K.L.:
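Input: one structure, supplied below.
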Amino acid sequence: AQTPVKVTVTGAAGQIGYALLFRIASGQLLGADVPVKLSLLEIPQAVKAAAGTAMELDDCAFPLLSGIEVTDDANKAFDGASVALLVGARPRTAGMERGDLLQANGGIFGPQGKAINDNAADDIRVLVVGNPANTNALIAQQHAPDVPAERFTAMTRLDHNRALSQLAAKLQVPVTEIKKMTIWGNHSATQYPDLFHAEVGGKIAAEQVDEAWLRDTFIPTVAKRGAAIIEARGASSAASAANAAIDHVFDWVNGTEWTSAAIPSDGSYGVPEGIISSFPVASRDGKWEIIQGLEIDAFSRERIDASVRELEEERTAVRELGLI
Ligand code: NDP
């Protein structure tokens with residue numbers, strides 16, 4: 001039998017964690033033939049709640065789940081891990097300045113990066129979900145000098161999936177008709193969902209919708225969907241975020257021709273090297289590759305640049321705070 005793959009989830013007692021863990025244990029993260037061991041990392045005051053979730057996982061008797069550990073010790077949690085889903089983060093609270101938010105998250109993602117560096121398996125892959133996800137991923141990466149930089153990624157797959165769903169509804173086509181969707185930049189309100197390369201039925205999506213809808217409805221609806229969910233549900237999106245995390249890791253491991261992921265820039269498309277920015281990506285042989293050769297018109301250029309500028313500002317801020 002195959003050796004189980006260790007998957008570590010931080011913030012495991014949170015609402016995304018609750019929507020995520022059962023799907024990992026059922027085989028949806030890595031494949032229906034891959035046994036998994038789960039490690040649930042939480043802050044001390046949430047360990048008891050995480051242990052409760054572990055009891056429920058036990059009660060599912062998942063055939064692929066070979067063990068569960070619950071801990072508040074990052075070294076233990078990441079020991080031998082091949083996949084790390086960094087979900088727990090310090091949310092922005094009323095009156096909090098950006099510097100305070102970055103500082104608080106630096107205190108989480110710096111030590112977690114070091115614990116990954118010192119303990120994880122050689123094939124470790126990291127997905128950061130906790131916000132500000134791109135910059136938290138950068139902080140963790142900078143504390144893990146022995147891990148290849150490209151193993152640190154941040155999630156824009158939920159934005160990607162939201163874009164697919166909005167466009168499918170507008171054109172009244174199944175989501176499977178849409179190819180080559182791309183989210184560029186930061187997982188924030190400045191993100192740019194690009195319809196100039198997306199194709200529906202083999203034709204460019206931007207040519208099948210009017211420009212006003214694209215500019216004034218589609219882009220803001222995708223970018224502000226998180227707030228709309230909070231308004232409707234009274235809580236932030238959780239199951240859809242967990243679903244996107246599953247999609248991201250599954251495609252990273254198993255391959256895909258085209259999706260969106262925030263990965264360290266190699267300078268492609270004028271995005272400064274090292275910044276963890278969302279790109280159109282393929283996954284081949286277990287590695288993300290930025291899809292090259294796309295023509296970027298002035299409309300797209302302006303929006304990509306604005307989101308990338310925000311990422312550069314966040315990088316400068318965490319440098320000035322001594323967090324990287
Ligand atoms: P959630 O599980 O709802 O969210 C966790 C993180 O995911 C937040 O930073 C949230 O950002 C982010 N996120 C990213 N994309 C999305 C999206 N599309 N929709 C919603 N959230 C998104 O938070 P909970 O408060 O329920 O749980 C967090 C848990 O993390 C707690 O149990 C806490 O104890 C734990 N924690 C653990 C740490 C650790 O393991 N060391 C450190 C810090 C916290 P946003 O807030 O911007 O929505």
Side-chain angles (χ1 to χ4, degrees), residues 8-23 38-54 69-78 81 84-94 96 98 101-116 126-137 139-140 143 153-163 165 183 186-189 191 193 221-248 260-262 278 314:
T8 305
V9 178
T10 76
Q15 55 150 3
I16 294 176
Y18 195 74
L20 185 58
L21 290 162
F22 297 84
R23 296 190 56 189
L38 278 172
S39 182
L40 279 47
L41 179 65
E42 260 297 354
I43 52 178
Q45 57 272 35
V47 162
K48 186 172 173 222
T53 303
E69 82 188 0
V70 183
T71 182
D72 61 4
D73 176 351
N75 287 318
K76 189 174 170 211
F78 293 116
L85 301 171
L86 307 188
V87 179
R90 174 70 167 82
R92 187 188 290 269
T93 39
M96 202 178 197
R98 184 175 71 168
L101 181 74
L102 294 172
Q103 188 85 54
N105 281 297
I108 296 168
F109 288 87
Q112 287 184 1
K114 182 169 185 341
I116 288 168
V126 182
L127 170 62
V128 177
V129 176
N131 282 315
N134 302 54
T135 296
N136 288 342
I139 294 170
H143 287 77
T153 66
M155 188 167 91
T156 51
R157 185 60 174 265
L158 180 54
D159 309 304
H160 177 100
N161 288 344
R162 286 167 170 167
S165 147
I183 304 291
N186 199 2
H187 170 67
S188 77
Q191 65 175 268
T221 299
V222 172
K224 293 180 192 157
R225 185 73 167 174
I229 304 271
I230 293 174
E231 165 65 23
R233 203 182 157 248
S236 60
S237 39
S240 55
N243 177 70
I246 298 264
D247 284 350
H248 177 113
S260 304
S278 190
E314 289 181 15

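Both backbone and side-chain heavy atoms feed into the values below; hydrogens, waters and symmetry mates do not. Just so you know, these numbers come straight off a predicted model, no measurement behind them. Whatever order the structure lists ligands and atoms in, that order sets their numbers, starting from 1.
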K.L.:
Just to check, does Q112 reach to within less than 4.0 Å of ligand 1 when the distance is taken from its heavy atoms?
P.N.:
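The answer is yes: ligand 1 sits under 4.0 Å from a heavy atom of Q112.
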K.L.:
As an exercise, identify every atom of ligand 1 less than 4.0 angstrom from a heavy atom of L158.
P.N.:
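Under 4.0 Å from L158, ligand 1 has these atoms: 17 (C), 18 (N).
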K.L.:
For atom 17 (C) of ligand 1, which protein heavy atom lies nearest, and how many Å away is it?
P.N.:
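Ranked first by proximity to atom 17 (C) of ligand 1 is S237 OG, 3.5 Å.
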K.L.:
Can H187 be said to touch ligand 1, with heavy atoms closer than 4.0 Å?
P.N.:
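H187 counts as a contact of ligand 1 under the 4.0 Å cut-off.
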K.L.:
If you count the non-hydrogen atoms of other residues, nucleotides and ligands that lie under 6.0 Å from CZ in R162, is the total more than 12?
P.N.:
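Above 12, so yes.
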K.L.:
Checking a contact table here: which protein heavy atom is nearest atom 34 (O) of ligand 1, and how many Å away?
P.N.:
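Minimum-distance protein heavy atom for atom 34 (O) of ligand 1 reads E42 OE1, 2.7 Å.
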K.L.:
Quick one: look up the protein heavy atom nearest atom 27 (O) of ligand 1 and list residue, atom name and how far away it is.
P.N.:
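Scanning the protein heavy atoms, the shortest distance from atom 27 (O) of ligand 1 goes to G14 CA, 3.1 Å.
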K.L.:
Heavy-atom contacts with V129 under 4.0 Å: which atoms of ligand 1 show up? List them by number with element.
P.N.:
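Here the atoms of ligand 1 in question are 7 (O), 12 (C), 13 (N), 14 (C), 15 (N).
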K.L.:
In the protein, which heavy atom is nearest to atom 22 (C) of ligand 1, and how far is it?
P.N.:
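That would be I16 CD1, 3.6 Å.
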K.L.:
Geometry only, no angles: is T10 polar-contacting ligand 1 at N/O separations under 3.5 Å?
P.N.:
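So ligand 1 has no N or O lying under 3.5 Å from an N or O of T10.
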K.L.:
Identify the protein heavy atom lying closest to atom 9 (O) of ligand 1, giving its residue, its atom name and the separation to 0.1 Å.
P.N.:
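Answer, as residue, atom name and distance: N131 N, 3.1 Å.
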K.L.:
Which atoms of ligand 1 sit under 4.0 Å from any heavy atom of V87?
P.N.:
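Those of ligand 1 that fall under 4.0 Å from V87 are 5 (C), 6 (C), 7 (O).
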K.L.:
Give the atoms of ligand 1, by number and element, whose distance to some non-hydrogen atom of G88 is under 4.0 Å.
P.N.:
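Checking each atom against G88, I get 30 (O), 36 (N), 37 (C), 43 (C), 44 (C).
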K.L.:
Looking only at protein heavy atoms, identify the closest one to atom 38 (C) of ligand 1 and say how far it is in Å.
P.N.:
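Among all protein heavy atoms, the one nearest atom 38 (C) of ligand 1 is I43 CG2, 3.6 Å.
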K.L.:
Quick check on atom 25 (O) of ligand 1 - does any protein heavy atom sit closer than 4.0 Å to it?
P.N.:
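No, there is none.
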K.L.:
With a cut-off of 4.0 Å, which atoms of ligand 1 are near a heavy atom of P91?
P.N.:
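Selected atoms, number and element: 46 (O).
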K.L.:
As an exercise, identify every atom of ligand 1 less than 4.0 angstrom from a heavy atom of G130.
P.N.:
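Listed by number with element: 6 (C), 7 (O), 9 (O), 12 (C).
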